[in-house]
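Following: one structure in structure tokens, then a few remarks.
Naming convention: chains lettered A, B, ... in sequence-line order (proteins, then strands); numbering from 1 in each chain.
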Number of protein chains: 2
Amino acid sequence: MQIASWNVNSIRTRIQIVIDWLQSHPSVDLLCLQETKVIDPDFPHTPFTDLGYHTYIYGQKAYNGVALISRQPLSEVSCGFSPLVADVGDFDEQKRVISGVIDDIRIVNLYVPNGSAVGSDKYSYKLGWLEILRQYLEVLIKAQPNPKIVICGDFNVAVEDIDIHNAKKRETQVMATDLEREALQAVLQLGFKDVFRKFTPEAGHYSWWDYRSGGWKRNQGWRIDYHFATDVLYDKAIDCSIDTAPRALVQPSDHAPVILEF
Amino acid sequence: MQIASWNVNSIRTRIQIVIDWLQSHPSVDLLCLQETKVIDPDFPHTPFTDLGYHTYIYGQKAYNGVALISRQPLSEVSCGFSPLVADVGDFDEQKRVISGVIDDIRIVNLYVPNGSAVGSDKYSYKLGWLEILRQYLEVLIKAQPNPKIVICGDFNVAVEDIDIHNAKKRETQVMATDLEREALQAVLQLGFKDVFRKFTPEAGHYSWWDYRSGGWKRNQGWRIDYHFATDVLYDKAIDCSIDTAPRALVQPSDHAPVILEF
DNA sequence: GATTCTGAAG
DNA sequence: CTTCAGAATC
């Protein structure tokens with residue numbers, strides 16, 4: 001089984017690139033999309049359903065938005081943190097969480113807030129959001145012994161310095177500050193491991209290159225898209241890799257897809 | 001010699017369509033463009049110069065903008081009404097006039113104001129602009145006996161009822177009111193004739209179809225793009241025709257090119 | 001209906 | 001650098 005994650009930066013702008021990629025990767029069973037940037041009535045279902053995929057979407061106007069594109073029907077699909085988290089505040093107003101079950105495995109597809117700039121309101125929102133995510137996953141992970149859960153998506157945090165092309169002055173850089181890493185670690189300490197690092201320990205592998213300042217040309221990237229898995233699934237994983245090819249196309253997303261295989 | 005006129009509705013958006021058209025019409029010596037919608041530093045010269053054309057441009061941000069694309073170098077290129085018209089007021093703020101000489105013929109390439117709605121400020125501006133144009137051409141035409149002048153471009157006026165798909169209620173319609181026609185006739189009475197009508201007297205030939213309400217599909221168009229020539233050139237003309245093919249392409253301009261041949 | 005700008009966002 | 005919304009223009 002293959003589970004892919006891809007921040008497409010607008011599904012309507014990227015639909016042909018995504019469809020072409022799915023057709024050239026027929027072994028992908030589930031594609032988790034982030035930043036679909038479209039309200040549900042306008043989501044382009046037919047390109048996917050024409051290929052035999054089932055679509056599960058959770059979108060809003062202009063920003064955010066997540067989707068699950070699955071060869072098999074999913075069960076227990078849920079959107080947002082509520083009702084698993086009792087007091088979500090306004091953290092479900094932005095559409096960033098969709099989850100479903102395939103082959104007894106729960107997949108949680110996430111688009112973590114970017115955080116804008118260190119110390120900004122959006123930065124505080126990101127830290128608060130990650131704490132709500134921790135509460136949400138705590139409920140899920142404690143619901144059963146030996147849980148089979150994968151959380152994947154765009155986490156907008158580089159978990160280690162080797163996940164950044166240049167870690168100098170990282171503490172001033174959003175996506176790399178200690179506070180963000182600690183908030184994410186509090187999530188992962190529930191029992192999630194970075195599957196990519198099971199196979200690739202060395203530095204220099206990225207999933208996102210800023211459109212600005214020629215980040216892709218100069219391979220100045222960040223690894224901020226992940227699959228984190230519970231022990232039983234981490235142990236079963238046979239590959240986890242980043243497909244950088246779509247980043248080189250014309251009018252690409254700034255993110256590359258990441259594929260996990262059991 | 002062939003002189004073409006084409007309102008391209010943004011040269012940057014339409015560059016490939018225009019280049020393809022030039023390559024498939026190698027006998028066009030001079031292409032007069034309107035609505036280039038680009039400031040001079042951003043004009044795409046190289047697609048034209050790579051094909052061996054010389055470019056003369058007069059643009060502004062977002063709106064209006066005219067250009068001359070010529071196989072041979074032009075002489076005496078001038079932009080705007082000034083200094084030929086002494087008191088231009090603010091009529092040179094919008095970039096709508098470029099002129100040059102080729103083979104002893106002066107070409108004046110125009111983008112006449114649209115006028116928005118009858119009775120609006122823009123409608124008054126259009127009438128005032130046409131009077132300034134008359135003064136400008138009066139200077140040019142009186143500078144020599146038997147002048148060789150062609151004025152062409154998007155005039156945003158249908159000179160006769162047969163130039164409109166449906167002339168009912170035309171007096172309420174901008175581009176067809178008596179006041180606009182009279183203002184344009186005052187220009188033409190200096191000594192310019194509509195070359196298209198030398199070859200095609202019948203109704204139903206248009207150069208512009210509104211993007212709205214399926215104007216092109218239903219052939220509900222207007223003839224508002226013209227070549228008006230002085231007597232000696234009118235007599236020498238051997239063809240004047242509208243090439244409707246580019247209007248049928250994907251992402252077309254709402255105008256079709258018009259070609260005059262001597 | 002199609003294009004452009006501005007401003008916000010990443 | 002790229003996207004989206006909303007306004008203005010034609």
If only side-chain N and O atoms of A:S10 are considered, is one of them under 4.0 Å from the OP1 or OP2 phosphate oxygen of D:dT3? no

Assign each of A:D210 and B:K37 the nucleotide of DNA chain D bearing its closest heavy atom; nearer the 5' end lies the nucleotide of A:D210

Rounded to whole Å, CG of B:D254 lies from C1' of C:dG1 at a distance of 9 Å

Taken to the nearest whole Å, CD/A:Q60 to C1'/C:dG10 is 14 Å

Per atom distances to the A:R12 side chain, the nearest of D:dA5, D:dT3, C:dG1 is D:dA5

Rounded to whole Å, CD of A:E35 lies from C1' of C:dA9 at a distance of 9 Å

Given the options B:I224, B:D154, B:N156, B:W208 meets side chain to side chain contact (heavy atoms under 4.5 Å, CB included) only with B:I224

Separation of C:dG10 atom P from A:Q94 atom CD, nearest Å, is 8 Å

Kindly say if B:Q251 contacts the phosphate of C:dT3, meaning a side-chain N or O under 4.0 Å from OP1 or OP2. yes

Closest to the side chain of A:A62, out of C:dT4, C:dT3, D:dC4, is D:dC4

message: Between B:W129 and B:Y111 (judged by ring centroids, cut-off 6.0 Å), do the two rings come close enough to count as a pair?
response: no

Side-chain N or O of B:T13 versus OP1/OP2 of C:dA2: is the shortest distance under 4.0 Å?
no

Rounded to whole Å, the NE2-C1' distance (A:H255 to D:dT3) equals 13 Å

Here the distance between atom C1' of C:dA9 and atom OH of A:Y111, to the nearest Å, is 9 Å

Check your understanding: What do you reckon, are the aromatic ring centroids of B:F91 and B:F81 less than 6.0 Å apart?
Key -> no

Rounded to whole Å, the OH-C1' distance (B:Y211 to C:dA2) equals 5 Å

In whole angstroms, the gap separating P of D:dA5 from CG of A:N64 amounts to 12 Å

| request: Would you check if the distance from the ring center of A:W222 to the ring center of A:W209 is below 6.0 Å? | output: no

Does C:dA2 have OP1 or OP2 under 4.0 Å away from a side-chain N or O of B:R14?
no

Closest of C:dT6, C:dA9, D:dT3 to the B:K61 side chain is C:dT6

**Asked** Are A:F196 and A:H227 an aromatic pair by the rule of ring centers under 6.0 Å?
**Response** no

